[in-house]
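Just so we're on the same page: letters track the sequence lines, and every chain starts at 1.
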Number of protein chains: 2
Amino acid sequence: MNAEKKEQIMNAAVELFAVKGFEGTSVRELASKAGVNLAMINYYFGSKEKLFENIVECKAVNTREELEEIAKDKELDEIGKIDKMVDNYVRRLFCNRYFHRVIHHELMLNQREELQNIIVTKLFPNSNIIKGVLEDGIKKGVFKKVDIELTIASLVGTVNQVLLSKKFCNKMMSKPENYVPYDDEKFIKRVSDHIKSLMRSHILK
Amino acid sequence: MNAEKKEQIMNAAVELFAVKGFEGTSVRELASKAGVNLAMINYYFGSKEKLFENIVECKAVNTREELEEIAKDKELDEIGKIDKMVDNYVRRLFCNRYFHRVIHHELMLNQREELQNIIVTKLFPNSNIIKGVLEDGIKKGVFKKVDIELTIASLVGTVNQVLLSKKFCNKMMSKPENYVPYDDEKFIKRVSDHIKSLMRSHILK
DNA sequence: AAAACTTAATTAAACGTTTGTTTGAATTAA
DNA sequence: TTAATTCAAACAAACGTTTAATTAAGTTTT
């Protein structure tokens, strides 16, 4: 197995799936972008759908560990943990925005049951860690008794909102149409700062 | 032109596009669901893509007027306006969740430039009205000097987050897999209340 | 009011492409 | 020599769209 060529195909696929969707991407276009022969995709992955599953399995970097480390850090208080998790989460999503789009795209559709289950079981533990920190803070009396689940939805949803539509994002931010906000370090900080401030005022007593 | 049959086709299309995506829906499946002959779709709309454009033009109910009425209401103070707008927005999106999914889906993809422009020009004025209220509140000194654009992103993003993936939503809310939260009046109120509380603590001095 | 005519709506069948996938020969690597 | 890789070509199936024939509805003429 040529691991390098497999990588090439997967990278091309992530970008195409993100921009055109799974159904909107043909294997010919995909092969062309990856610079490999059409038949190589089925040779390596078995089918277009198996390629998709392979991508989700591979590219879902183990983010749980990073978050768990923050959750266990005894040098941080509850709000400090939330701050650090937000920074971590925003940065990671901005970096892997193509992959994240693919995931989000797939979650929206009710196709490919199998794939949905893989995604949910990979994503769920992450939000569970944040949930734990919120619960701790409430128990200790440093956080208000907020709606924990929806607080997480606000956190995740805010990032998604700016991440998922460049056009709408630029219009809202009064940036030119061709501006790419996702590589702009200042913009990442702006989003991070906003969410942290939003969370602080919402949960801090 | 048989307006009733046109409606049938559009309604079937919205639901299918929402669940399977535009590319993932075949005109045969669509015709079958709408209970019309395959050729009727091109007879009435010209093409599958024109049908899509037609849906966006037709179904985008003029929500601007409702929001503008709230914005102009002299009986309400700034935070009262925000409260009412949130209620209005959440309820409307939950009611038209299929259509909203289609819009969101299309905004994510960078296909069909024409269609994207239609959508953005229809959606943009809405967020601009909310923006106006936030600016007024800040000018009057009753609101904190928050990041206005990202505050709107949080508002919209929170609703989207619970609206766009039933599976993830149910998992997060510890509901059974087959539960449909979007018709549950209690759930709508819960989301509304959360966002209002989030906004109040974030923007109120 | 009936018949003749005209236009609109509906249909099954077929159109040419494109789709994902497979094949079997050619090439490369071990 | 053997096995793994690469490739052009072909596969059947599904795609969006069009066609030409038929039915229904509406209008005009007798």
Undergrad: Report the distance from atom NZ of A/K50 to atom C1' of C/dT21, rounded to the nearest whole Å.
TA: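 From A/K50 NZ to C/dT21 C1': 12 Å.
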Undergrad: For the pair made of CG in B/N42 and P in C/dA8, what is the distance, rounded to whole Å?
TA: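 About 19 Å, once rounded to whole Å.
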Undergrad: Does C/dT10 have its OP1 or OP2 closer than 4.0 Å to a side-chain nitrogen or oxygen of B/Y43?
TA: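 No.
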Undergrad: Rounded to whole angstroms, how far apart are CD1 on B/I9 and P on D/dG16?
TA: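 Checked: the CD1 to P distance equals 14 Å.
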Undergrad: In terms of side-chain geometry, is the basic nitrogen of A/E29 or A/K20 positioned less than 4.0 Å from the acidic oxygen of its partner?
TA: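 Here A/E29 pairs with A/K20 in a salt bridge, since their nearest N and O are under 4.0 Å apart.
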Undergrad: Can we say A/D136 and A/K131 salt-bridge, meaning some charged N sits less than 4.0 Å from an Asp/Glu carboxylate O?
TA: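 Looking at A/K131 together with A/D136, the answer is no, because their closest N to O distance does not fall below 4.0 Å.
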Undergrad: Give me the ring orientation class for B/H104 and A/H104: parallel if the planes are under 30° apart, tilted from 30 to 60°, perpendicular past 60°.
TA: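 Tilted: the ring planes of B/H104 and A/H104 meet at 30° to 60°.
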Undergrad: Looking at B/D147 and A/R190, does any basic side-chain N land under 4.0 Å from a carboxylate oxygen?
TA: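 Judged by the 4.0 Å cut-off on N to carboxylate O distance, B/D147 and A/R190 do form a salt bridge.
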Undergrad: Dump the pairs, protein N or O against N or O of nucleotides 7-15 of chain D, anything under 3.5 Å, distances to one decimal.
TA:
{"residue": "D/dA8", "atom": "OP2", "partner": "A/N37", "partner atom": "ND2", "Å": "3.3"}

Undergrad: For B/Q8 and C/dA9, give me the distance from atom CD to atom C1', rounded to whole Å.
TA: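 That distance rounds to 14 Å.
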Undergrad: Provide, to the nearest angstrom, the distance between the CD1 atom belonging to B/I41 and the C1' atom belonging to C/dA12.
TA: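 Interatomic distance, CD1 of B/I41 to C1' of C/dA12: 15 Å.
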Undergrad: Answer yes or no: is there an ion pair linking A/R112 with A/E106, defined by an N-O contact shorter than 4.0 Å?
TA: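 Salt bridge between A/R112 and A/E106, a charged N being under 4.0 Å from a carboxylate O: yes.
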Undergrad: Just how far, in rounded Å, is P of D/dG16 from CZ of B/F45?
TA: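 B/F45 atom CZ is separated from D/dG16 atom P by 15 Å.
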Undergrad: In whole angstrom, give the distance that lies between atom CZ of B/F22 and atom P of D/dG16.
TA: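 From B/F22 CZ to D/dG16 P: 8 Å.
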Undergrad: Is it true that B/K81 and B/E69 make a salt bridge, defined as a side-chain N closer than 4.0 Å to a carboxylate O?
TA: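 Salt bridge absent between B/K81 and B/E69.
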